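The shown structure was predicted, so the numbers you read here are calculated from the model rather than taken from an experiment.
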Amino acid sequence: MKGRKITATFHYCNSGKKEVKTVNCLFDDKAEQYELTKVFVVEFGESLVFSKSDNTFLVNDKEGNP
């Protein structure tokens, strides 16, 4: 696992809301190989879909997201 601090756009899929945040992420070796991948976001406490090409996380809107 590799830790990285990333500033990215978070796109909330159900509401369409977008915001820019800096978060700490954990990438495994498999995640490093792909353009679209799931990475663990420490602040959310879960793995989110991340697009390396446009630096965007896709987040399912639900109660309790920071």
Side-chain angles (χ1 to χ4, degrees):
M1 288 276 202
K2 296 178 184 176
R4 292 195 182 141
K5 186 174 276 194
I6 297 176
T7 300
T9 302
F10 285 76
H11 181 93
Y12 294 88
C13 299
N14 295 327
S15 67
K17 176 181 158 186
K18 291 183 181 182
E19 63 183 351
V20 176
K21 290 185 178 184
T22 300
V23 294
N24 295 294
C25 302
L26 299 176
F27 286 80
D28 61 17
D29 291 334
K30 203 180 253 188
E32 293 287 338
Q33 299 174 3
Y34 299 101
E35 188 69 29
L36 186 63
T37 189
K38 287 187 92 172
V39 297
F40 186 81
V41 180
V42 176
E43 289 78 359
F44 281 74
E46 64 182 315
S47 293
L48 300 176
V49 175
F50 178 62
S51 171
K52 293 179 186 176
S53 63
D54 62 1
N55 214 35
T56 301
F57 284 97
L58 298 178
V59 183
N60 186 17
D61 296 54
K62 61 183 178 185
E63 291 188 42
N65 274 348

Who pairs with Thr56 by side-chain hydrogen bond (donor to acceptor under 3.5 Å, both in side chains), at least two apart in sequence or on another chain?
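Only Asp54 meet the side-chain hydrogen bond (donor to acceptor under 3.5 Å, both in side chains) criterion with Thr56.
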
With sequence neighbours left out, the residues meeting side-chain hydrogen bond (donor to acceptor under 3.5 Å, both in side chains) with Asn55 are none

Applying ring-ring contact (aromatic ring centres under 6.0 Å, His included) to Phe40 and not counting sequence neighbours gives none

> Taking only residues two or more places apart in sequence or in another chain, which ones pass ring-ring contact (aromatic ring centres under 6.0 Å, His included) with Phe27?
Replying inline: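 Partners of Phe27 under the ring-ring contact (aromatic ring centres under 6.0 Å, His included) test: none.
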
Exercise. So if you build clusters from Ile, Leu, Val, Met, Phe, Trp, Tyr with side-chain heavy-atom gaps below 4.5 Å, do Val59 and Ile6 land together?
Worked result: yes

Does one hydrophobic cluster hold both Phe57 and Phe44, with members joined at side-chain heavy-atom distances below 4.5 Å?
yes

Which pair of heavy atoms, one from [X] and one from [Y], lies closest together, and at what distance?
{"X": "Val39", "Y": "Ala31", "result": "CG1-CB, 4.2 Å"}
{"X": "Thr9", "Y": "Val20", "result": "OG1-CG2, 3.9 Å"}
{"X": "Cys25", "Y": "Val41", "result": "SG-CG2, 4.2 Å"}
{"X": "Val49", "Y": "Lys38", "result": "CG2-CG, 4.1 Å"}
{"X": "Asp61", "Y": "Ser15", "result": "OD2-OG, 2.6 Å"}
{"X": "Thr22", "Y": "Lys5", "result": "CG2-CG, 3.4 Å"}

With a 4.5 Å heavy-atom cut-off, do Leu58 and Leu48 have their side chains touching? no

Item to check | Glu35: partners by side-chain contact (heavy atoms from CB on, under 4.5 Å), with sequence neighbours left out | outcome: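 With neighbours one apart ignored, the set is Lys52, Ser53.
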
